[in-house]
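Here's the structure, in structure tokens; my notes come after.
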Amino acid sequence: MANDNKLQSIIAHCKEYGFIFQSSEIYDGLGAVYDYGQYGAELKKNIRDYWWNSMTRMHDNIVGIDAAIFMHPTVWKASGHVDNFSDPMIDNKDSKKRYRVDHLIEAHAETLNENESASLLQKMEQLLASDDFAGLKTLIEENNIKCSVSDTANWTDVRQFNLMFATEMGAVASDNPEDNKVYLRPETAQGIFVNFLNVQKTGRMKIPFGIAQTGKAFRNEIVARGFIFRMREFEQMEMQFFVRPGTQKEWYEYWKETRMQWHRSLGIPDTRYRFHDHVKLAHYADAACDIEYDFPMGFKEVEGIHSRTDFDLKNHQQFSGKKLTYFDTEINQHYIPYVVETSIGLDRTVMMILSEAYQEEDLSTAEKQDSRVVLKFPAMLSPIKLAILPLLKRDGLPEIARELMDSCRPHFKCFYEEKDTIGKRYRRQDAIGTPFCVTIDHQTKEDQTVTIRYRDAMTQERVPLAAVKDIVMKAIQTF
RNA sequence: GCGGGAGUAGCUCAGUCGGUAGAGCGACAGUCUUCCAAACUGUAGGUCGCGGGUUCGAAUCUCGUCUCCCGCUCCA
């Protein structure tokens, strides 16, 4: 199957079987926002739990928190988000090149004589200060400023590209709206940094240690596309690992390898992944790489591992005026810890798991055309673990099935169905990725055995009714 | 953001010259069946993405708009 069709098929399948719907669909949808349906929500939760447990339960020195989406506005000044991402921009329609308005005008000013230049820059400053975008465009047009690529002055309107969503906090309007302005966090990491000392002290944590968190983040992407790959509201799973300065390189390597093992544990072969080391580093990092997965639209980042140095804590210390140092009793020194971050997109992981699991199989024989769509999820991630199917809806078979259901449902998600032929019921479970189906038939009444049918191989075998729960439990065991 | 393509039932799609909307699959209720969908009967589902215009009449022509997909661009 061609890859361009595969994404379409997955989107259609996700909708048809209740995994993912477009947000507000009856109102024509809201761009790049999606809702998880009944099975999608289970799948997403299972992935989140698996990540959470692998971080917090399987490491002595990593604890989890849940910070608020709203944070003090100064947080985003300290993190660099306010300054770096709120400049007015303008596009040249011919070259399609986008410029920061101030850069464009400043570059032009350099070609002018001293008086003209100063006058131009002064006008620009006034317009920038008053957010007069129309005035800025007029200024560009009056000065006949051209694009260096296309050499034309065919410009779009000036627009503000602030990638952070803002809202107002507090019911009382202020004279200056900026006073009440709060942002929806564009990343979850800052909630960890500002709680670094709280957790360290109350948890009596000793470096090296980590703080993990999952939660929603919001980015007002200009171009958001690719199904749930790039959404305006999305969920991150992040862990910030605090280390002694100078040891960050080895921890960076450690987490690179540890995170890759986690990916392997999802049953996805190495060939579907690749590392992408950042050459051009962000302002906060001294080393960074992406784990990329081969999505239907090509290799794309699913997780980032960044050595963030002491950039964040140092800035928060400076902006807040609160000391954010740690006293290391081993070397009797105070220092601001360095941070190695692992940051994985939960929605991207859902999409990765779906892409990997989705299979259209041709089951045709000489006599009969046949095919199925199956989601080959790792059993621990499947929305439904076990489907319990009485072969007939009479002769006491449903009663036995219900008993099995009652004994299993406290332990894992089960599904009961007695409608339609058994083959049809199997295929329906294939379509939502249920790894096990158990069928109760007349023989069950005689010898207390059932047929268990495996999703991937479509084979089945006879097992004791009493063993079913343990078979499934064992298969979904994660650690 | 620019360019291209597309929106008709839950899904995949048909719908001629402008004349009051159809199929297959799926779903639901039964029948049959006794371990791998597509056997039989019946039922429900659509302001043809949304809004304006042309017309006696618009799924169809036209303008606008929203959404999705592809390419380029961007991505702390």
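Since we're looking at a predicted model, the values are computed, not measured. Every chain is numbered from 1 and lettered A, B, ... according to where its sequence line falls, protein lines coming before strand lines.
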Counting any heavy atom closer than 4.0 Å, what does [X] reach on the DNA or RNA strands: base, sugar-phosphate only, or nothing?
X        : value
A:Arg425 : nothing
A:Glu187 : nothing
A:Phe227 : sugar-phosphate

Self-check item: Secondary structure of RNA chain B in dot-bracket form (Watson-Crick or G-U wobble, distances below 3.5 Å, | marking inter-strand pairs)
Solution: (((((((..((((.....[..)))).(((((.......))))).....(((((..]....))))))))))))....
Is the shortest side-chain N to carboxylate O distance from [X] to [Y] below 4.0 Å?
X        : Y        : answer
A:Asp277 : A:Lys256 : yes
A:Arg455 : A:Asp430 : no
A:Asp420 : A:Arg428 : yes

Practice problem: Among residues two or more places apart or on two chains, list those pairs meeting salt bridge (Lys or Arg N to Asp or Glu O under 4.0 Å) that have a residue in residues 308-321 of chain A. | Solution: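 Sorted pair list: A:Glu187-A:Arg308, A:Arg308-A:Asp312, A:Arg308-A:Glu341, A:Asp310-A:Lys314.
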Self-check item: Six-ring centre of A:Tyr416, A:Arg402 cation under 6.0 angstrom, axis tolerance 45°
Solution: yes
Exercise. Decide whether a cation-pi geometry holds between A:Arg259 and A:Trp262; the criteria are a distance under 6.0 Å from NZ or CZ to the six-membered ring centre and an angle within 45° of the ring axis.
Key: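 Satisfied, under 6.0 Å and within 45°.
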Starting at [atom1] of [X] and ending at [atom2] of [N], how long is that distance when rounded to a whole Å?
X        : N     : atom1 : atom2 : answer
A:Arg219 : B:A76 : CZ    : P     : 8 Å
A:Phe436 : B:C35 : CZ    : C1'   : 18 Å
A:Phe218 : B:C75 : CZ    : C1'   : 18 Å
A:Tyr183 : B:A76 : OH    : P     : 19 Å

Answer yes or no: side-chain N or O of [X] and base N or O of [N] forming a donor-acceptor pair under 3.5 Å.
X        : N     : value
A:Ser79  : B:A76 : no
A:Arg372 : B:C36 : no
A:Tyr27  : B:C66 : no

Self-check item: Residues that A:Phe242 engages under ring pair (Phe, Tyr, Trp, His ring centres under 6.0 Å), provided they are two or more places apart
Solution: A:Phe196, A:Phe209
Quiz item: Which ones in residues 32-40 of chain A lie close to RNA chain B, meaning a heavy atom under 4.0 Å from one of its atoms?
Solution: A:Ala32, A:Tyr34
Quiz item: Using a heavy-atom distance cut-off of less than 4.0 Å, which residues of residues 441-450 of chain A contact RNA chain B?
Solution: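 Those residues are A:Asp441, A:His442.
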Return the set of residues passing salt bridge (Lys or Arg N to Asp or Glu O under 4.0 Å) with [X] (not counting sequence neighbours), or none when no residue passes.
X        : result
A:Lys376 : A:Glu361
A:Glu253 : A:Lys249
A:Asp370 : A:Arg427

Quiz item: Of the non-hydrogen atoms in A:Asn315 and A:Ala78, which two are nearest, and what is the gap between them?
Solution: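 Scanning both residues completely, I find the closest heavy atoms to be ND2-O, 2.9 Å.
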For nucleotides 45-50 of chain B, print each protein N/O atom paired with a nucleotide N/O atom at under 3.5 Å, atom names and distance only.
residue : atom : partner : partner atom : Å
B:G49   : O2'  : A:Asp28 : OD1          : 3.0
B:G49   : N2   : A:Asp28 : OD2          : 3.2
B:G49   : N3   : A:Asp28 : OD2          : 3.4

Quiz prompt | Ring-ring centroid check A:Phe19 A:Tyr17, cutoff 6.0 Å | solution = no
When the [atom1] atoms of [N] and [M] are considered, how many whole Å apart are they?
N     : M     : atom1 : value
B:A39 : B:G64 : P     : 49 Å
B:U65 : B:C70 : P     : 23 Å
B:A9  : B:G22 : P     : 14 Å

Quiz item: Got a second to check how far A:Leu139's CG is from A:Lys137's NZ, nearest 0.5 Å?
Solution: 13.0 Å
Quiz item: How does each nucleotide of nucleotides 26-32 of chain B score, in 5' to 3' order, for protein heavy atoms under 4.0 Å: base (B), sugar-phosphate only (S), or none (-)?
Solution: SSSS---
Practice problem: Could you note down all residue pairs passing side chain to side chain donor-acceptor pair (under 3.5 Å) where residues 432-444 of chain A supplies at least one of them, sequence neighbours left out? | Solution: A:Asp395-A:His442, A:Tyr426-A:Thr439, A:Gln429-A:Thr434, A:Asp441-A:Thr444, A:Asp441-A:Arg462, A:Gln443-A:Asp447
Quiz item: From the list B:C35, B:C11, B:U33, which nucleotide is the closest neighbour of the side chain of A:Leu392?
Solution: B:U33
Show me the side-chain donor-acceptor pairs of residues 226-238 of chain A shorter than 3.5 Å, one per line, residues at least two apart or across chains.
residue  : atom : partner  : partner atom : Å
A:Arg232 : NE   : A:Glu221 : O            : 3.1
A:Arg232 : NH1  : A:Gly31  : O            : 3.1
A:Arg232 : NH2  : A:Glu221 : O            : 2.8
A:Glu233 : OE2  : A:Lys216 : NZ           : 2.7
A:Glu235 : OE1  : A:Lys44  : NZ           : 3.1
A:Glu235 : OE1  : A:Arg48  : NH2          : 3.3
A:Glu235 : OE2  : A:Arg48  : NE           : 2.8
A:Glu235 : OE2  : A:Arg48  : NH2          : 3.2
A:Gln236 : OE1  : A:Thr188 : N            : 2.9
A:Gln236 : OE1  : A:Thr188 : OG1          : 3.2
A:Glu238 : OE1  : A:Thr188 : OG1          : 2.7
A:Glu238 : OE1  : A:Ala189 : N            : 2.7
A:Glu238 : OE2  : A:Ser343 : OG           : 2.9

Exercise. If the glycosidic angle is within 90 degrees of 0 it's syn, otherwise anti, so just tell me which one B:G53 is.
Key: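 Glycosidic conformation of B:G53: anti.
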